[in-house]
Amino acid sequence: EVQLVESGGGVLRPGGSLRLSCAASGFTFADYGMSWVRQAPGKGLEWVSYIDWSGGSTIYADSVKGRFTISRDNAKNSLYLQMNSLRAEDTAFYYCAKVRWLAQPFDYWGQGTLVTVSS
Amino acid sequence: QSALTQPASVSGSPGQSITISCTGTSSDVGGYNYVSWYQQHPGKAPKLMIYDVSNRPSGVSNRFSGSKSDNTASLTISGLQAEDEADYYCSSYTSSSTYVFGTGTKVTVL
């Protein structure tokens, strides 16, 4: 059974940094691309970033480009999102999602971790 | 990249069929057959319901179907059931090599 478990969320002030993690199991992690998708409380979904199976190709939404960095450790079956220069508008549930390769759908999602940026 | 446009809400009685539209541009929905649909119940993670415009993942009811015409994709739920009450989001791959989601539609079963 595919399982994706996010962790690392919390409350922090604008300008702060946070690193989210996503532990994957139930599939060959190194064979798949992964993405982060976020959802502000009570709002819609927003795609954040994608990383290919090797970690050699990464893509970001304009809203986070230059501030967020996606990475992965295939030996640890883990996905990460380093978030710097956080803003109030980054407040959201952050979901990691499995995707075979770029352009393919998000076929499994974690339960999400909440990041709150507030002064 | 602007969000794809969906109706805010759609409702129907049990057993009826409803259709949710998802309108984009030639740079996303109209340019690729990489449209997917997600169902999200309150407090839960999204679930993939349709991919590549009209394909259903294993385990998804055949009451869910998808189609596309020009820049507009559609999700149809036939034989509406109480358990179908949820938020639905479309998503498309884009010419910028990114993804864009729809604004979301709340489906209410009357």
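Everything numeric here is computed off the predicted structure, so don't read it as measured data. What's counted below: heavy atoms across the whole structure, side chains too, no hydrogens, waters or symmetry copies. Quick note on labels: first sequence line is chain A, next is B, and so on, each numbered from 1.
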Counting only heavy atoms closer than 4.5 Å, note whether [X] contacts chain B via side chain, backbone, both or neither.
X	answer
A:Q39	side chain
A:Y95	side chain
A:V99	side chain
A:Y108	neither
A:I59	side chain

Please tell me whether [X] and [Y] are part of a single hydrophobic cluster in this structure, the criterion being side-chain heavy atoms less than 4.5 Å apart.
X	Y	result
A:L20	A:F93	no
A:V37	A:Y50	yes
A:M34	A:Y94	yes
A:M83	A:L79	yes
B:I50	B:V10	yes

Inset, instruction - Could you tell me the separation between the CH2 atom of A:W109 and the CD atom of B:Q40, rounded to the nearest 0.5 Å? - result: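 CD of B:Q40 is found 8.0 Å from CH2 of A:W109.
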Legend entry - Flag if over 12 foreign heavy atoms under 6.0 Å of CG, A:N84: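 It does: A:N84 CG has more than 12 such atoms within range.
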Inset, instruction - Sort B:P46 into side chain, backbone, both or neither according to what part of it lies under 4.5 angstrom from a heavy atom of chain A. - result: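 Backbone plus side chain of B:P46, per the 4.5 Å heavy-atom cut-off to chain A.
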Inset, instruction - Using non-hydrogen atoms and a 4.5 Å limit, figure out which bit of B:Y32 sits close to chain A: side chain, backbone, both or neither. - result: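 Neither part; nothing is under 4.5 Å.
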Inset, instruction - Tell me the residues of residues 80-105 of chain B whose non-hydrogen atoms fall below 4.5 Å from those of chain A, in number order. - result: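 Interface residues of residues 80-105 of chain B: B:Y89, B:S91, B:Y93, B:S97, B:T98, B:Y99, B:F101.
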Inset, instruction - Count the heavy-atom pairs under 4.5 Å between each of B:Y38, B:Y51, B:Y34 and chain A, then report the option with the highest count. - result: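 Heavy-atom pairs under 4.5 Å are most numerous for B:Y38.
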Legend entry - Choice from A:A61, A:P105, A:A103 maximising heavy atom contacts with chain B below 4.5 Å: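 Of the candidates given, the most pairs with chain B belong to A:A103.
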